[in-house]
Amino acid sequence: MSTSRSLLVELFVEELPPKSLRKLGDEFAKTLSASLKSQGLASDHSAVTAYATPRRLAMHLSAVAAQGSDKAVTYKLMPATVALDSSGAPTAALLKKLAAVGADASVVPQLDRKPDGKAEALFWSTTVRGATLAAGLQVALDEALAKLPIPKVMSYQLDDGWTSVNFVRPAHGLVALHGADVVPVTALGLTSGRQTQGHRFEAQMEPVVLQDADHYAQQLEQQGAVIAAFDHRRADIARQLQHAAAPLGLTPIDDEALLDEVTALVERPNVLLCEFEPEFLAV
């Protein structure tokens, strides 16, 4: 396997459904990483991290190769009596089958003749070159988007004024970085790059130009005022609630579903303490 680096994929969209945000983020990362591992571009030791905010789904995967390892494969072609004529020459049927697996008549002398049940069949053993990351990621991205658990998609028109695509919300940006290098892939009419957007009005700069895959969360927080990880935002809200309530002897409401929903509504939480004048509370 070639030298490996971390991989980052981010899809920047309009506000995602809050009640399903965590699940969308987890499934996006899960399907992407599983596909890359199945293609030999990552291993079971590659660590996957899911990110999800109201305006983005992202995945960070460690130890991803630029190209998968070559694989030895064996193709079962057809019965020998069908593949070869009485003189041992390849039949039209065999040549057609060979073409289907990327070979031609030149490999006929290399074919193995082995028992297959009650008859004999021809087999071709070869080495398949490992997938490139660009090709493998495109397959993985298409699969991840198709398998997202979206109960209802919307159709919207792209900037060309002609093409329409279907997704949970309109998508406006795509990032794919292998280390510091952009991986050329496309999705929903978008072409990958290294730019993303931060908080709508608290970001220090727009756009946020990502340095590399490993600095994604750090750059988004420092330059974009966005806490990308769902669980980190959730923990920050809980911490701020306790900090605001403790001096007044109050206890935050224990509502896990509400905490999840609020986490899915903000990219940078800021708990504020408010109160009503007593006269407005009288009935």
Subject >> CA sep, side-chain torsions, deciding dist, call: D116, K76, side chain to side chain contact (heavy atoms under 4.5 Å, CB included) >> reply: CA-CA 10 Å; D116 183 46; K76 176 184 174 182; 2.7 Å; yes

**OP:** State, with a plain yes or no, whether a side-chain heavy atom of V13 is found less than 4.5 Å away from one of L188.
**Re:** no

**OP:** Decide yes or no for T126 and Y75: does some side-chain heavy atom of the first lie under 4.5 Å from some side-chain heavy atom of the second?
**Re:** yes

**OP:** Decide yes or no on side chain to side chain donor-acceptor pair (under 3.5 Å) for T91 and D85, but give the supporting numbers first.
**Re:** CA-CA 6 Å; T91 62; D85 62 21; over 6 Å; no

**OP:** Indicate yes or no for a side-chain donor-acceptor contact from S46 to the backbone of S43 under 3.5 Å, with no hydrogens or angles considered.
**Re:** yes

Original post:
Does R169 use its side chain to pair, donor to acceptor, with the backbone of L16 at less than 3.5 Å?
Top reply: no

Original post:
For the atom pair CD (Q195) and CD (E206), what is the distance rounded to the nearest 0.5 Å?
Top reply: 10.0 Å

Original post:
For E267 and T53, what are the C-alpha separation, side-chain angles and deciding distance, and is it a side chain to side chain donor-acceptor pair (under 3.5 Å)?
Top reply: CA-CA 6 Å; E267 292 197 310; T53 80; 2.5 Å; yes

Original post:
If you measure from NE2 on H60 to CG on L8, what distance do you get to the nearest 0.5 Å?
Top reply: 7.0 Å

**OP:** Find out if a path of hydrophobic residues (ILVMFWY) with successive side-chain heavy-atom gaps under 4.5 Å connects V128 to L77.
**Re:** yes

Original post:
What's the verdict on side chain to side chain contact (heavy atoms under 4.5 Å, CB included) for V73 and W124, showing C-alpha distance, side-chain angles and the deciding distance?
Top reply: CA-CA 8 Å; V73 297; W124 179 48; over 6 Å; no

**OP:** Tell me whether L21 is reachable from V168 by hopping between hydrophobic residues (I, L, V, M, F, W, Y) whose side-chain heavy atoms are closer than 4.5 Å.
**Re:** yes

Subject >> Salt bridge flag under 4.0 Å for residues E15 and R200 >> reply: yes

Original post:
Is H178 reaching over with its side chain to a backbone N or O of V64, donor-acceptor style, under 3.5 angstrom?
Top reply: yes

Original post:
Do any N or O atoms from the side chain of T31 and from the backbone of F28 form a donor-acceptor pair under 3.5 angstrom?
Top reply: no

Original post:
Using the benzene-type ring in the case of Trp, are the ring centres of H232 and F230 under 6.0 Å apart?
Top reply: no

Original post:
Which pair of non-hydrogen atoms, one from A134 and one from V183, has the smallest distance, and what is that distance?
Top reply: CA-CG1, 3.7 Å

**OP:** I would like to know whether L190 and L11 meet side chain to side chain contact (heavy atoms under 4.5 Å, CB included); could you show each step before the answer?
**Re:** CA-CA 9 Å; L190 303 168; L11 185 65; 4.2 Å; yes

**OP:** Compare every heavy atom of L158 with every heavy atom of G189, then report the nearest pair and how far apart it is.
**Re:** CA-CD1, 3.7 Å

**OP:** Quick one: sort the Y51 and Y216 rings into parallel, tilted or perpendicular, breaks at 30° and 60°.
**Re:** perpendicular

Original post:
Can you tell me if S33 uses its side chain to pair, donor with acceptor, with the backbone of A29 under 3.5 Å?
Top reply: yes

**OP:** Mark yes or no for whether S6, through its side chain, and D214, through its backbone, hold a donor-acceptor pair below 3.5 Å.
**Re:** no

**OP:** Could you state whether V185 and V165 fall into the same hydrophobic cluster, counting links through intermediate Ile, Leu, Val, Met, Phe, Trp or Tyr residues with side-chain heavy atoms under 4.5 angstrom apart?
**Re:** yes

Original post:
So, for V266 and I237, which heavy atoms are closest and what is the spacing to 0.1 Å?
Top reply: CG2-CD1, 4.4 Å

**OP:** State, yes or no, whether a side-chain contact exists between M154 and N166 at a heavy-atom distance under 4.5 Å.
**Re:** no

Original post:
Is it true that F12 and L177 fall in one hydrophobic cluster, defined by side-chain heavy atoms closer than 4.5 Å?
Top reply: no

Original post:
For the residue pair M78 and A83, what are the closest heavy atoms and their distance?
Top reply: CG-CB, 3.6 Å

**OP:** Indicate the atoms forming the closest heavy-atom contact of A131 with L41, along with that distance.
**Re:** O-CD2, 3.4 Å

Subject >> Side chains of M59 and V48 in contact at under 4.5 Å (non-hydrogen atoms) >> reply: yes

Original post:
For the atom pair NE2 (H199) and CZ (F201), what is the distance rounded to the nearest 0.5 Å?
Top reply: 4.5 Å

**OP:** Mark yes when over 12 heavy atoms from residues, nucleotides or ligands other than D160 sit less than 6.0 Å from its CG; otherwise mark no.
**Re:** yes

Original post:
Taking 4.0 angstrom as the limit, do R194 and D212 come out as a salt bridge?
Top reply: no

Subject >> Test log, rule side chain to side chain donor-acceptor pair (under 3.5 Å), inputs T263 and D260 >> reply: CA-CA 5 Å; T263 302; D260 280 345; 5.2 Å; no

Original post:
Is any side-chain heavy atom of Q211 closer than 4.5 Å to a side-chain heavy atom of Q219?
Top reply: yes

Original post:
So if you build clusters from Ile, Leu, Val, Met, Phe, Trp, Tyr with side-chain heavy-atom gaps below 4.5 Å, do V209 and V9 land together?
Top reply: no

**OP:** Measure across K71 and S38 and return the closest heavy-atom pair with its distance rounded to 0.1 Å.
**Re:** NZ-O, 3.8 Å

Subject >> Sidechain-backbone polar pair: D255 side chain, L258 backbone, donor-acceptor under 3.5 Å >> reply: yes

**OP:** Could you tell me the separation between the CG atom of L137 and the CD atom of Q39, rounded to the nearest 0.5 Å?
**Re:** 9.0 Å

Original post:
So among R234, R233, R239, which one has a side chain to side chain donor-acceptor pair (under 3.5 Å) with D236?
Top reply: R239

**OP:** Look only at the side chain of S20 and the backbone of K23, and say whether a donor-acceptor pair between them is shorter than 3.5 Å.
**Re:** no

**OP:** Could you check L111 against F123 for side chain to side chain contact (heavy atoms under 4.5 Å, CB included), going step by step and ending with a plain yes or no?
**Re:** CA-CA 6 Å; L111 301 182; F123 296 80; over 6 Å; no

**OP:** Check whether any side-chain heavy atom of V82 lies under 4.5 Å from a side-chain heavy atom of L94, and answer yes or no.
**Re:** no

Original post:
If you round to the nearest 0.5 Å, how far is CG of L220 from CD1 of I227?
Top reply: 10.5 Å

**OP:** Could you check E143 against K147 for salt bridge (Lys or Arg N to Asp or Glu O under 4.0 Å), going step by step and ending with a plain yes or no?
**Re:** CA-CA 6 Å; E143 182 181 355; K147 289 186 175 180; 2.8 Å; yes

**OP:** Report yes if the side chains of Q197 and V226 come closer than 4.5 Å at any heavy-atom pair, otherwise no.
**Re:** no

Original post:
Is there a side-chain contact between T186 and S192 (heavy atoms, below 4.5 Å)?
Top reply: no

Subject >> S125-T74 side chain donor-acceptor pair, cut-off 3.5 Å >> reply: yes

Subject >> CG on D142 to CG on L32, rounded to 0.5 Å >> reply: 10.0 Å

**OP:** Report the C-alpha separation of R268 and E221 in whole Å, then their side-chain angles, then the decisive distance to 0.1 Å, and conclude whether the salt bridge (Lys or Arg N to Asp or Glu O under 4.0 Å) test is met.
**Re:** CA-CA 9 Å; R268 184 183 182 184; E221 185 166 358; over 6 Å; no

**OP:** Would you check if the side chain of Q240 reaches a backbone N or O of P269 as a donor-acceptor pair within less than 3.5 Å?
**Re:** yes

